Q: 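Mind having a look at this structure? Questions to follow.
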There are 2 protein chains.
Amino acid sequence: MPDETGGLRERKKLATREALSAAALRLALERGAENVRVDDIAEAAGVSPRTYNNYFSSREQAIVAAVTAERASRVAAALRARPREEPLAEAVTEAVVEQYTSEPAGEALALITSSPRLRKEYVEAAVAMRQPLESAIAERLDGAAALAPAVLAAAVSAATRVALAHWVRASDTGGGFVVVRVERSLPDLLREALAQVAPALRAAQG
Amino acid sequence: MPDETGGLRERKKLATREALSAAALRLALERGAENVRVDDIAEAAGVSPRTYNNYFSSREQAIVAAVTAERASRVAAALRARPREEPLAEAVTEAVVEQYTSEPAGEALALITSSPRLRKEYVEAAVAMRQPLESAIAERLDGAAALAPAVLAAAVSAATRVALAHWVRASDTGGGFVVVRVERSLPDLLREALAQVAPALRAAQG
DNA sequence: ACACAAACTTGCGTGTACGCAAAAATTCGC
DNA sequence: GCGAATTTTTGCGTACACGCAAGTTTGTGT
């Protein structure tokens, strides 16, 4: 009795991808992000360095992917799982917030926020949800304008990025002086950001 | 009587930047994008290769910048130039469409659309308007939520990217067969895309 | 089972990105 | 105007991204 998902090829590919990003994260935690070479990651995952680059196009991407891996498709799945009679705006907001409520373990998060490159990659990782979201939104918007699903998905992704950028910026205020910062929780920021695009979602559905 | 703008330093910097992107575009048009080396660009602009990378972080960026250079700040300026009593949604839409109505000369456009890397960079160049737009929008939204200007600017930028992506995709359908494509004008696409985010702008202003 | 097609991996080579520290240019206080 | 402070340019070195063309593995039809 085999497990399930698709052919062997796809499973192997996924396994390689996960092995790579897991190795990347582990090594980065052990030695610090700057002391991890691509070759180290490849070796730890048991593939050639060249293969590493078939999966990730930057070191940062591999590290961050260990944390953000399935989030994009999970958001779309979460949206589909919501009752169809629920307004799109609420459904989307809840789907997104839900996927960001269990943030990575403290150590991984500390690692990511400690490096500008990793921070950027982490925030930008939210663009990955655009395509899945677009499909899921399209299913709820049959009669809308052609560009509507794409634009709305892009807007949601953009709002998410703004919220994330705000959130991770909490730690970039280096310099020695302790700046008084009003720390807001991520769900909080996400809800505020998404509330700004909600009217667009309502209008598209209305 | 000197011209105007700021100190010598800033003018030189700007001149260097323009020389670099102009050289990049000219060389790409002459030889094709793949036959242009960073060293060629640097030499044509009279700076060291290393300096080139102080201005642009990819060859594509330099080429595309020749066309998109000031667009971001022009959008913000156009928005500020609009009557304050005009609804934000209209003002933003017109400001954006206005800046995209005179698209680059055919040859440059053909060059850009002929390469996936350049197409991507061209579309992504729209993110540059986020920051300027955020400031300009903030000036019209005094009492709104903290994240509102950032989110709305990001949404507008995202909508613009969707429209551009659709537009440039007109030429990526290669393969020999002539596919029947409904070509829509860029202003047309921009208006449809921006119409999707307009409700959010109205709500923020409400 | 078998052989053929399609997809993935790998090594190699070329061009690129960027940190660092020294040198050149510009600005500023006096 | 003049010398010190700041900013920019530059060379160098290292690591990286990616096209290409084999070589290898997986999927398919018979």
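Each chain gets a letter, A, B and so on, in the order its sequence line appears, and its residues count up from 1. Just so it is clear, the structure is predicted and the values come from calculations on it, not from any experiment.
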Q: Give, for atom OG of B:S58 and atom NZ of B:K120, the distance between the pair rounded to the nearest 0.5 Å.
A: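 One gets 9.5 Å once the value is rounded to the nearest 0.5 Å.
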Q: When you measure from the side chain of B:Q61 to the backbone N and O of B:S57, does any donor-acceptor pair fall under 3.5 Å?
A: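 Yes, because the side chain of B:Q61 sits within donor-acceptor range (under 3.5 Å) of the backbone of B:S57.
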Q: For A:K12 and D:dT25, is the shortest distance between a side-chain N/O and OP1 or OP2 below 4.0 Å?
A: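 No, outside the criterion.
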Q: Could you walk me through whether B:E94 and B:R191 satisfy the side-chain contact (heavy atoms from CB on, under 4.5 Å) test, starting with their C-alpha distance in whole Å, then the side-chain angles of each, then the deciding distance to 0.1 Å, before giving a yes or no?
A: CA-CA 9 Å; B:E94 295 309 318; B:R191 284 184 195 281; 2.7 Å; yes
Q: Give a yes or no on whether the backbone of B:R37 and the side-chain of B:D40 come within a donor-acceptor separation of less than 3.5 Å.
A: yes
Q: Dump the pairs, protein N or O against N or O of nucleotides 4-6 of chain D, anything under 3.5 Å, distances to one decimal.
A:
{"unit_1": "D:dT6", "atom_1": "O2", "unit_2": "B:R9", "atom_2": "NH2", "d": "3.3"}

Q: Please tabulate, for side-chain N and O atoms in residues 141-160 of chain A, each donor-acceptor pair with protein atoms closer than 3.5 Å (sequence neighbours left out).
A:
{"unit_1": "A:S157", "atom_1": "OG", "unit_2": "A:R161", "atom_2": "NH1", "d": "2.9"}
{"unit_1": "A:T160", "atom_1": "OG1", "unit_2": "A:V156", "atom_2": "O", "d": "2.9"}

Q: Measure from CZ on A:R117 to C1' on C:dC18 and round the result to the nearest Å.
A: 7 Å
Q: Identify the two heavy atoms, one from B:L79 and one from B:A95, that lie closest to each other, and give their separation to 0.1 Å.
A: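 Answer, listing the atom of B:L79 first, then B:A95: N-CB, 3.7 Å.
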Q: Let me check the geometry of the helix from C:dA1-D:dT30 to C:dC30-D:dG1. What is the bend angle between the axes at its two ends, five pairs each, to 10°?
A: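 One end axis against the other gives 40°.
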Q: Taking the basic N atoms (NZ, or NE/NH1/NH2) and the acidic carboxylate oxygens, is any pair closer than 4.0 Å for B:R117 and B:E121?
A: no
Q: Report yes if at least one side-chain N or O of B:Y55 is closer than 4.0 Å to OP1 or OP2 of D:dT8; otherwise report no.
A: no
Q: For C:dT10, take OP1 and OP2 only and decide whether either is under 4.0 Å from a side-chain N or O of A:T51.
A: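 Answer yes for this pair, as a side-chain N or O of A:T51 is under 4.0 Å from OP1 or OP2.
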Q: Using atom CG of B:N53 as one end and atom C1' of D:dG11 as the other, report the distance to the nearest whole Å.
A: 13 Å
Q: Considering only heavy atoms, which members of residues 16-24 of chain A lie under 4.0 Å from some atom of DNA chain D?
A: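 None - not one residue of the stretch has a heavy atom sitting under 4.0 Å from the strand.
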Q: Give A:F56 one of three labels, base, sugar-phosphate or nothing, depending on what nucleic acid heavy atoms sit under 4.0 Å from its own.
A: nothing
Q: Do A:Y52 side-chain atoms and A:A62 backbone N/O form a donor-acceptor pair below 3.5 Å?
A: no
Q: Any side-chain N or O of A:K13 below 4.0 angstrom from OP1/OP2 of C:dA7?
A: no
Q: Among residues at least two apart in sequence or on other chains, which ones pass salt bridge (charged side-chain N to carboxylate O under 4.0 Å, His left out) with B:E192?
A: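 With neighbours one apart ignored, the set is B:R184.
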Q: Do the side chain of B:T113 and the main chain of B:L109 share a donor and acceptor less than 3.5 angstrom apart?
A: yes
Q: Do A:R50 side-chain and C:dG13 base share a donor-acceptor contact under 3.5 Å?
A: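 Under the 3.5 Å cut-off, the side chain and the base do not form any donor-acceptor pair.
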Q: Could you check whether atom CZ of A:R80 has more than 12 heavy atoms from other residues, nucleotides or ligands sitting under 6.0 Å from it?
A: yes
Q: More than 12 heavy atoms of other residues, nucleotides or ligands under 6.0 Å from CZ of A:R82: is that the case?
A: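 Above 12, so yes.
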Q: For DNA chain C, which residues of residues 32-49 of chain A approach it to below 4.0 angstrom with any heavy atom?
A: A:V47, A:S48
Q: Drop me the distance from A:D188's CG to A:H166's NE2, to the nearest 0.5 angstrom.
A: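 One gets 11.5 Å once the value is rounded to the nearest 0.5 Å.
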